Amino acid sequence: MYREVIRIRFLMMLAYRVNYYSGIIIYSINIGAYVFLWQAVYSGKPSLEGFSVIQMSTYIAISWMARAFYYNNLDREIAEEIRDGSVAIQIIRPYNYLMVKVFQGFGEGLFRLLLFSIPGMVIVSFIYPIQLTTDPSVWIQFFISLLFGFIVNVEVNLIVGLFAFFLLNNQGILWAKRFLVDLLSGLIIPISFFPEVFQKIFAFLPFQAISYIPSVTLVKGLDISKWLPAMGIQFAWSIILALLCWGIWVKARKTLIVQGG
C-alpha cells in the first residue's frame, strides 16, 4: 500500500515537472550567489575552518542539491487538512496517517532526486568550480547519510505539522522552522564556521543530521572511523524524533478540532 503511495506522489510531481525544471535554474543561481560570496570571504586564503575554496564550492552545490531531495511541505499539508476538515476523513481510513505522510514525502523526494538533483548537479558541475569524488564507497556513504537526513527532516516536519492540531494556525511556526532548518543544518553556513560554543549547542540539536553530515561525508570523504559516529548521530535522532512524533500524534488525535469540511 505504501509503495502505491510513493508511486502516486511521484506521478503527481511528474504532472507539474516544469516547475522543477525551472527550479534547477533557480537553485543554480542560488549556488552561484553563495559560491561568489564565499570566494570573496576567502579572499585568496587557501582554506578556512578546514575547507579549501574548492571544497567550499562543492559543499555549497551538494548541500543545495541535497536539499531538493529532503525538502517537502508535509507540515503545511497537515495544517491545510486540519483547516479544511479533510484530516477527519484521513484518520478514519484503514492506514496510518503519519506513515502515509512519510511515504508521500519519500515519493516527492524520489522525484526531486531523479529529475532535479542529479540533472542539476550535472549542470552545476559545468558552471562552478566543484570537485566530486570518484570513490564509489564515499558515494554509498553519502546516499545512506542523505536518506537518514531525509528521515530526520520528515520527522521535524511532521512534528511541526502536528502542532496545528493544538494551535489550529501554525503559519508562524512553519516560517520559523524553515529558517532554523536552513541555518542550523549547515545549508547556509557550515557548522564548523560557527563559534565553538554554538557548535557545542548545535551538537545537541537534530538539524546537523539533515544537511551538514551528508554534505561533509561527500565533500571530505569521511573514513569509516569518522563516518560511523556521524551515522550514529543521525540514527539516534531518527529514533528520538520518531518517538516524539508518535507521542504528539497520540495526544493530537484526542484533541482534534475540525475547522472546515
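The structure displayed is predicted, hence computed values, not measured ones.
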So OH of Y71 and OG of S117: to nearest 0.5 Å the spacing works out to 13.5 Å

Check: Quick one: are the ring centres of Y34 and W64 less than 6.0 Å apart?
Finding: yes

Begin with the C-alpha distance, continue with both residues' side-chain angles, and end with the deciding distance and a verdict on side chain to side chain contact (heavy atoms under 4.5 Å, CB included) for I78 and F165. CA-CA 9 Å; I78 294 174; F165 279 83; 4.0 Å; yes

For residues 233-247, the salt bridge (Lys or Arg N to Asp or Glu O under 4.0 Å) pairs (sequence neighbours left out) are none

Handout entry: Aromatic Y59 / basic K220 pairing, under 6.0 angstrom, 45° off normal
Key = no

For residues 98-117, the salt bridge (Lys or Arg N to Asp or Glu O under 4.0 Å) pairs (sequence neighbours left out) are R9-E108, E77-K101, E81-K101, E108-R112

Rounded to the nearest 0.5 angstrom, the CH2-CD1 distance for W227 and I140 is 9.0 Å

CG (N96) and CD1 (I91) are apart, to the nearest 0.5 Å, by 10.5 Å

To the nearest 0.5 Å, atom CG of L132 lies from atom CE of M121 at 4.5 Å

Scan the side chains in residues 141-153 for donor-acceptor partners under 3.5 Å anywhere in the protein, sequence neighbours excluded, and list what turns up.
residue : atom : partner : partner atom : Å
S145    : OG   : Q234    : OE1          : 2.8
S145    : OG   : Q234    : NE2          : 3.3
N153    : ND2  : Y70     : O            : 2.7

| query | Would one find more than 12 heavy atoms of other residues, nucleotides or ligands at under 6.0 Å from atom CD of Q199? | reply | yes

*Step-by-step side chain to side chain contact (heavy atoms under 4.5 Å, CB included) determination, L98 to L162*: CA-CA 10 Å; L98 295 184; L162 290 176; 4.2 Å; yes

Quick note, salt bridge (Lys or Arg N to Asp or Glu O under 4.0 Å) partners involving residues 162-185, not counting sequence neighbours, are R67-D182, D75-K177

To the nearest 0.5 Å, atom CD of Q39 lies from atom OG of S57 at 5.5 Å

Let me see the working for Y97 and W249 under ring-ring contact (aromatic ring centres under 6.0 Å, His included), right down to the final yes or no. CA-CA 10 Å; Y97 178 76; W249 169 241; 5.3 Å; yes

Parallel, tilted or perpendicular for W38 and Y42, by the 30°/60° rule?
perpendicular

Could you list the donor-acceptor pairs under 3.5 angstrom formed by side chains in residues 203-218, with sequence neighbours left out?
residue : atom : partner : partner atom : Å
S215    : OG   : S63     : OG           : 3.0
S215    : OG   : S211    : O            : 3.0
T217    : OG1  : I213    : O            : 2.7

Pair up each side-chain donor or acceptor in residues 184-196 with any protein partner under 3.5 Å, not counting sequence neighbours, and list the distances.
residue : atom : partner : partner atom : Å
S185    : OG   : V181    : O            : 2.4

So CZ of F116 and CE of M65: to nearest 0.5 Å the spacing works out to 5.5 Å

Q.
For Y95, I'd like to know if atom OH has over 12 heavy atoms of other residues, nucleotides or ligands within 6.0 Å.
A. yes

**OP:** Give the C-alpha distance, both sets of side-chain angles, the deciding distance and a yes or no for side chain to side chain contact (heavy atoms under 4.5 Å, CB included) between M12 and F111.
**Re:** CA-CA 10 Å; M12 287 176 60; F111 171 86; over 6 Å; no

